[in-house]
2 protein chains.
Amino acid sequence: MSNNQFKRGELYSVINGMATTAVARRLQKNFRKAGLDITIEQWSVLYHLWKEDGLSQLELGNRTFRDKASTTRLIDNLEKQELVVRVASKDDRRINLVYLTDIAKPLQQITYELANQTMNEALLNISKEEIDIVKNVFQRVYDNLTNKDLL
Amino acid sequence: MSNNQFKRGELYSVINGMATTAVARRLQKNFRKAGLDITIEQWSVLYHLWKEDGLSQLELGNRTFRDKASTTRLIDNLEKQELVVRVASKDDRRINLVYLTDIAKPLQQITYELANQTMNEALLNISKEEIDIVKNVFQRVYDNLTNKDLL
DNA sequence: GACATATAGTTAGTTATGCAACTAATATAA
DNA sequence: TTATATTAGTTGCATAACTAACTATATGTC
């Protein structure tokens with residue numbers, strides 16, 4: 001189908017650009033205002049560990065859409081802040097399992113509230129239907145670009 | 001209105017995350033494959049200069065949603081690659097006007113084609129209506145977050 | 001004209017990103 | 001069981017992001 005008529009170049013800024021940057025900056029600002037000294041990237045890792053603790057670095061990378069080098073360093077920094085510990089897997093000593101510390105656990109509630117609040121600011125007057133379409137489009141864009149890699 | 005019911009945290013990944021990252025990486029990969037040694041961030045600056053040459057650094061920052069420090073270094077790198085030159089404004093010597101070089105000019109055609117091609121891959125089987133909704137939602141998200149700063 | 005303020009851009013410091021090359025551990029194959 | 005390949009993670013190198021502090025030029029006020 002792909003015979004959509006787009007103004008050249010313009011498209012890219014549809015997907016990338018202003019909105020994502022603005023939301024990220026706002027969320028970071030809200031973290032700081034609440035006295036939380038974590039980046040949104042670090043938060044994205046913690047977020048997945050709160051859902052399921054003890055994931056491997058590779059699995060964390062997959063879930064947060066990062067390569068393994070980026071994941072390594074993000075976890076380095078989280079470990080420096082004592083929010084997370086690496087534990088070598090008994091079964092396969094190549095694998096590091098990443099676990100939340102007691103310092104990280106109480107952050108879940110606060111950061112979820114800040115994320116919710118931020119998204120409410122961002123999505124003011126935007127309907128559930130519109131949000132669903134955006135989510136759906138994004139999923140299909142992702143699939144379009146990643147399935148092709150497997151061929 | 002803002003009484004949307006969202007699963008906590010999940011929202012953020014709607015706006016940010018996988019799709020934007022995947023598109024950016026694909027575009028970068030397509031640049032590299034074509035032998036173009038520029039980053040997509042550099043390209044976003046060139047893109048605005050092709051539309052209007054001789055913008056100030058601040059104006060370029062506004063149009064590409066970057067702060068001035070980031071803009072400074074991006075232009076440092078573009079200047080190093082001789083794609084761009086800084087010219088102090090006659091009227092106001094605080095201002096640097098940024099101009100494309102003869103090396104940069106022929107890149108317009110090729111990069112536009114690569115960007116188009118990339119977006120066609122990304123937006124395969126996504127309708128014009130859906131894309132319009134995404135654009136519109138993003139514009140409103142941006143407005144929601146930036147207008148508030150002016151109060 | 002002199003002093004305070006605002007503006008454009010730069011620099012320093014920290015975090016994050018991606019790619020490519022590397023190490024160590026595990027799995028496969030001869 | 002030894003040699004080879006694969007996998008998980010780390011490290012080096014380069015670019016990019018933001019904040020805060022800085023320099024230099026312009027503007028505004030008395």
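First the proteins, then the strands, lettered A, B, ... as listed; each starts at 1. Quick caveat: nothing in here was measured; it's all calculated off a predicted structure.
- Checking the phosphate oxygens (OP1, OP2) of D:dG9, no side-chain nitrogen or oxygen of A:T72 falls inside 4.0 Å.
- Remark: side-chain polar atoms of A:E130 are not paired, donor with acceptor, to backbone N or O of B:N136 under 3.5 angstrom.
- A distance-only check finds no donor-acceptor pair linking the side chain of B:Q42 to the backbone of B:L78 [under 3.5 Å].
- Heavy atoms of A:N96 sit under 4.0 angstrom from primed sugar atoms or phosphate atoms, though from no base atom.
- Boundaries of the chain A contact region on DNA chain C are C:dT15 to C:dT26, first to last in 5' to 3' order (nucleotide atom under 4.0 Å from a heavy atom).
- Without hydrogens or angle criteria, A:Q28 side chain to A:I38 main chain gives a donor-acceptor distance under 3.5 Å.
- Contact annotation: A:Q57 reaches the phosphate of D:dT10 (side-chain N/O to OP1 or OP2, under 4.0 Å).
- Remark: the A:R94 side chain and the D:dT7 base include a donor-acceptor N/O pair separated by less than 3.5 Å.
- Side-chain atoms of A:N30 never come within 3.5 Å of backbone atoms of A:T118 as a donor-acceptor pair (strictly under, hydrogens ignored).
- B:Q109 and B:E113 share a side-chain donor-acceptor pair at under 3.5 Å.
- Using modelled atom types, no side-chain atom of B:N96 and backbone atom of B:Q57 make a donor-acceptor pair closer than 3.5 Å.
- The aromatic rings of A:W43 and A:F31 sit perpendicular, their planes meeting at an angle over 60°, well past the 30° parallel limit.
- Among the heavy atoms of the strands lying under 4.0 Å from B:D67 is at least one base atom, whether or not backbone atoms are also near.
- Using a 4.0 Å heavy-atom cutoff across all strands shown, B:Q42 reaches sugar-phosphate atoms only and no base atom.
- For B:R93, counting side-chain heavy atoms from C-beta on, the closest listed nucleotide (D:dA26, D:dG9, D:dT10) is D:dA26.
- Atom CG in B:L58 sits roughly 14 Å away from atom C1' in D:dT25 (whole-Å rounding).
- Heavy-atom distances to DNA chain D give each of A:R32 and A:A69 a nearest nucleotide, and the one nearer the 5′ end belongs to A:A69.
- In the set D:dA20, D:dT10, D:dT15, D:dT15 carries the atom at the smallest distance from any side-chain atom of B:K80.
- Judged by distance alone, with hydrogens and angles left aside, A:R73 brings a side-chain donor or acceptor within reach of the base of D:dG12, the pair sitting under 3.5 Å.
- The B:N77 side chain lies nearest to D:dT15 when the options are D:dT15, D:dT25, D:dG9.
- Atom CD1 of A:I95 and atom C1' of D:dT6 are 13 Å apart (whole Å).
- Between the C1' atom of D:dG9 and the CG atom of A:L60 lies a distance of 13 Å, rounded to the nearest Å.
- As rounded to whole Å, 19 Å separates atom P of D:dT23 from atom CG of B:D92.
- The nearest whole Å value for the distance from the CZ atom in A:R25 to the P atom in D:dA16 is 16 Å.
- Per the geometry, CG belonging to B:L78 stands 11 Å off P belonging to D:dT15, to the nearest Å.
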**Verdict with supporting geometry, A:Q81 and A:N77, side-chain hydrogen bond (donor to acceptor under 3.5 Å, both in side chains)** = CA-CA 6 Å; A:Q81 298 184 252; A:N77 284 329; over 6 Å; no
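- Counting to the nearest Å, the C1' atom of D:dG9 and the CD1 atom of A:I75 are 10 Å from each other.
- Along DNA chain C, the nucleotide closest to A:K90 and the one closest to A:R66 are compared, and the more 5′ of them pairs with A:R66.
- Atom P of nucleotide D:dA17 and atom NZ of A:K29 are separated by 18 Å, given to the nearest angstrom.
- As judged by a 4.0 angstrom heavy-atom cut-off over every strand, A:T39 is placed among residues touching the sugar-phosphate backbone only.
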